[in-house]
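Heavy atoms only: backbone and side chains are in, while hydrogens, waters and symmetry mates are out. Here the structure is a predicted model, which means the values were calculated and not measured.
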Amino acid sequence: MASSSSSKLLNLALRRYGTSTGGAMARFSPSSLRGGNSSYPISSNFISFQGIKQCRWFASYPPHEVIGMPSLSPTMEAGTIASWNMDEGSSFSAGDVLCEIETDKATVSFEAQDDGVIAKILAQAGPNEINCGVPILITVDDKEHVGAFKDYVIEAAASPAASSSPEPAVVASSTSPPPASEIPVQAASVPSSQPAVDGGDVTIATRDGGKVIASPLAWTVAKEKGLDLSSIAIVGTGPDGRIVADDVREYIPLAAAAPAAPAVSTTAAAATTKPLTPTVTESYTDVPQTDAMIATANLLTFSKQTIPHYYLTVDVTLDALIALRGSLNAALGEKSASSISLNDLLIKAAACAMKSCPSANASWMGDSVRMYDNVDVNVVMGSGNNLYSPVLNNVGSRGLKSIAEELSLNQKNIEEGTIQGENFAAVGTVTFMNLGMYGVKSCAPIIRAPQAVALALGAAENRVVPKENGEGENDIYETKVVLTATLSCDHRVVDGAVGAQYLSAFKAAVEKPEMLLL
């Protein structure tokens with residue numbers, strides 16, 4: 001009798017679940033139904049099946065299929081449901097699109113493999129990441145059976161990495177503490193440095209009151225590496241900027257800012273400038289890079305791949321600015337610790353142009369544009385292993401002498417290898433780059449996320465240009481000192497009209513430097 005009952009139960013299960021394909025439909029394992037898994041014999045309330053580790057056997061429910069999050073590509077491990085195209089109780093045919101699923105690479109339509117009726121939607125659309133195989137939907141053949149699944153509950157699946165003797169499933173109403181690696185606690189009940197899970201994602205409160213969204217695996221990898229996701233700047237490459245595990249694995253901290261203790265700062269500076277030995281072979285040489293350079297390379301790669309760049313160029317006449325520089329340096333005299341350079345004036349002009357075009361002093365935040373009150377300029381300095389971009393804070397409200405002194409100090413620290421202060425690791429609101437000293441005529445810079453613009457200047461050179469108020473045929477042209485300025489823009493924040501407005505304001509500030517006083 002026992003053997004006959006097992007056979008009937010097996011046949012019933014195979015008829016009910018055997019039509020599933022591709023891992024999307026949950027399929028019961030015959031070995032488990034026959035009692036092959038000692039933890040779940042046939043008389044147990046749980047039966048192991050592929051795709052979803054555990055599920056309660058509801059003998060009183062009508063015939064149905066539990067559909068898990070499908071694996072839509074060979075490398076897909078999880079996805080998010082962007083939208084449901086059908087509601088509970090809706091009938092569908094083979095080929096109909098049930099929902100739209102977002103992976104880390106694309107949005108894919110999930111099509112039905114057979115005819116049926118949606119009895120219960122187990123996972124609502126939203127930004128929460130769902131692992132492949134986790135139940136998202138229940139379907140039935142007869143529309144009359146939909147009401148039977150109104151209160152249907154799928155118990156939590158065990159981790160795929162669990163041992164051969166799985167632990168009992170944890171239902172939603174359970175008060176037992178979950179494993180530490182899953183961190184399923186509410187944000188209100190823990191300190192801000194601890195994460196809170198909502199449907200699979202880890203929401204981390206940052207020190208400035210914002211939030212960082214990361215996957216549970218990313219949080220686990222961060223803990224293993226000793227990183228606190230709430231206090232470091234990791235650019236997420238997942239959907240909507242979500243931090244995924246690979247982001248944490250590839251993260252390399254920037255050179256740390258010098259601590260308050262002088263002895264420690266000296267040690268930190270020595271570690272930063274520690275020589276790296278190249279690997280030389282017969283046909284090539286591998287030159288190792290510092291952690292800071294690797295981190296910068298990773299950030300620039302991410303920025304170029306994810307920010308929709310476009311470029312605007314304008315020629316700017318420098319004669320009036322050069323005259324102003326001479327007058328200012330003459331007024332300061334030889335006793336001044338630092339003189340005003342043409343670069344100082346151009347940085348000031350770049351910041352003042354933001355007053356006329358505040359829309360360019362902004363960042364893309366995923367679902368909004370953040371506009372900043374202060375203009376903080378990252379000035380690219382040095383070259384090679386000594387390439388840095390320290391930030392000058394609130395340039396628009398500072399005097400030229402203050403700007404010149406800070407730039408001079410930064411240059412001295414770079415040359416001596418004594419990098420100190422948080423300004424060397426901070427990200428401002430705009431990046432300024434002057435390649436004129438290398439004879440480069442123009443340059444299209446990469447925007448540094450999360451900034452929206454980057455300004456690059458070429459070499460200043462004498463050019464013959466049309467004379468504005470020429471008299472006669474022999475007085476048509478004149479020689480001016482001109483440079484080419486190129487603005488890289490994030491099209492999500494700065495469209496063509498706004499970018500042109502900013503360059504126009506920059507050109508006006510340079511050619512009529514009295515506007516710097518406004």
Side-chain angles (χ1 to χ4, degrees), residues 104-107 233-243 246-247 250-251 254 293-316 346-347 349-351 353-354 356-372 375-381 383 387-391 395 426-436 438 440-459 483-507 510:
D104 56 351
K105 298 179 181 179
T107 300
I234 295 183
V235 180
T237 59
D240 298 323
R242 182 183 298 109
I243 298 175
D246 286 343
D247 298 330
E250 296 174 1
Y251 173 75
L254 291 170
M293 292 190 67
I294 295 173
T296 301
N298 290 339
L299 176 60
L300 292 177
T301 300
F302 170 81
S303 297
K304 187 62 175 177
Q305 291 175 341
T306 59
I307 296 177
H309 286 63
Y310 76 95
Y311 311 96
L312 300 173
T313 302
V314 68
D315 289 334
V316 181
L346 290 169
I347 293 173
M354 288 293 185
S356 301
C357 185
S359 298
N361 194 41
S363 294
W364 177 254
M365 305 304 296
D367 56 358
S368 63
V369 173
R370 177 174 297 173
M371 300 179 64
Y372 300 99
V375 182
D376 302 328
V377 183
N378 284 105
V379 181
V380 178
M381 308 177 70
S383 62
L387 183 65
Y388 296 92
S389 55
V391 66
V395 177
V427 179
T429 61
V430 59
T431 294
F432 177 92
M433 179 187 307
N434 191 341
L435 297 177
Y438 301 105
V440 176
K441 185 172 183 179
S442 64
C443 168
I446 299 175
I447 298 171
R448 180 177 181 178
Q451 297 173 358
V453 293
L455 180 66
L457 306 181
L483 64 74
T484 300
T486 302
L487 184 70
S488 298
C489 305
D490 181 349
H491 208 296
R492 299 171 300 181
V493 181
V494 179
D495 60 22
V498 174
Q501 180 185 355
Y502 174 81
L503 275 185
S504 177
F506 174 73
K507 179 179 175 69
V510 172

Q) Does the pair M354 and V453 meet the rule for a side-chain contact (heavy atoms from CB on, under 4.5 Å), with working shown? A) CA-CA 11 Å; M354 288 293 185; V453 293; 3.8 Å; yes
**Q.** Distance (rounded to the nearest 0.5 Å) between D490 CG and I447 CD1
**A.** 5.5 Å
Q: Say whether, by atom type as modelled, one donor and one acceptor occur between the side chain of S303 and the main chain of A449 under 3.5 angstrom.
A: yes
**Q.** Atom pair CG/CD of N361 and Q451 - distance to nearest 0.5 Å
**A.** 9.0 Å
Q: Can you see which heavy atom on P308 is nearest to which on T306, and at what distance?
A: CD-O, 3.6 Å
Q. Does M381 offer a backbone N or O that forms a donor-acceptor pair with the side chain of N434 under 3.5 Å?
A. no
Q: Verify the distance criterion only: is there a donor paired with an acceptor across the side chains of Y502 and S359 at less than 3.5 Å?
A: no
Q. From R492 CZ over to M365 CE, what is the distance, rounded to the nearest 0.5 angstrom?
A. 11.0 Å
Q: Determine whether more than 12 heavy atoms belonging to other residues, nucleotides or ligands lie under 6.0 Å from atom NZ of K304.
A: yes
Q | side chain to side chain contact (heavy atoms under 4.5 Å, CB included) against L435, all qualifying residues, sequence neighbours excluded | A | M433, Y438, V440, C443
Q) Out of curiosity, T431 OG1 to D376 CG, how far, rounded to the nearest 0.5 Å? A) 11.0 Å
Q | Closest contact, heavy atoms only, G499 versus V494 | A | N-CG1, 3.4 Å
(Q) Can you confirm whether S363 sits close enough to T429 that some side-chain heavy atom of one is under 4.5 Å from a side-chain heavy atom of the other? (A) no
Q) Closest heavy-atom contact between A426 and N378? A) O-ND2, 3.1 Å
Q.
Using modelled atom types and a 3.5 Å cut-off, is there a donor and acceptor pairing between side-chain atoms of T313 and backbone atoms of T486?
A. no
Q.
As a quick check of understanding, evaluate side-chain contact (heavy atoms from CB on, under 4.5 Å) for W364 and V369, giving each step before the final call.
A. CA-CA 5 Å; W364 177 254; V369 173; 3.8 Å; yes
**Q.** Flag side-chain contact, heavy atom, 4.5 Å: R448 against S389
**A.** yes
Q: Give a yes or no answer on whether the side chain of S488 reaches the backbone of P445 with a donor-acceptor pair at less than 3.5 Å.
A: yes
(Q) Donor-acceptor check, side chain of Y310 to backbone of G496, threshold 3.5 angstrom: yes or no? (A) yes
Q. Can you tell if the side chain of V395 reaches within under 4.5 Å of the side chain of F432, non-hydrogen atoms only?
A. no
Q) Is a donor on one side and an acceptor on the other found under 3.5 Å between the side chain of H309 and the backbone of I307? A) yes
Q) Looking at A360 and V498, what are the two nearest heavy atoms and their distance? A) N-CG1, 4.3 Å
Q: Taking all non-hydrogen atoms of both residues into account, name the closest pair between Q501 and S356 and its distance.
A: NE2-O, 3.0 Å
**Q.** Pair L483-L346, side-chain contact (heavy atoms from CB on, under 4.5 Å): steps then yes or no
**A.** CA-CA 11 Å; L483 64 74; L346 290 169; 4.1 Å; yes
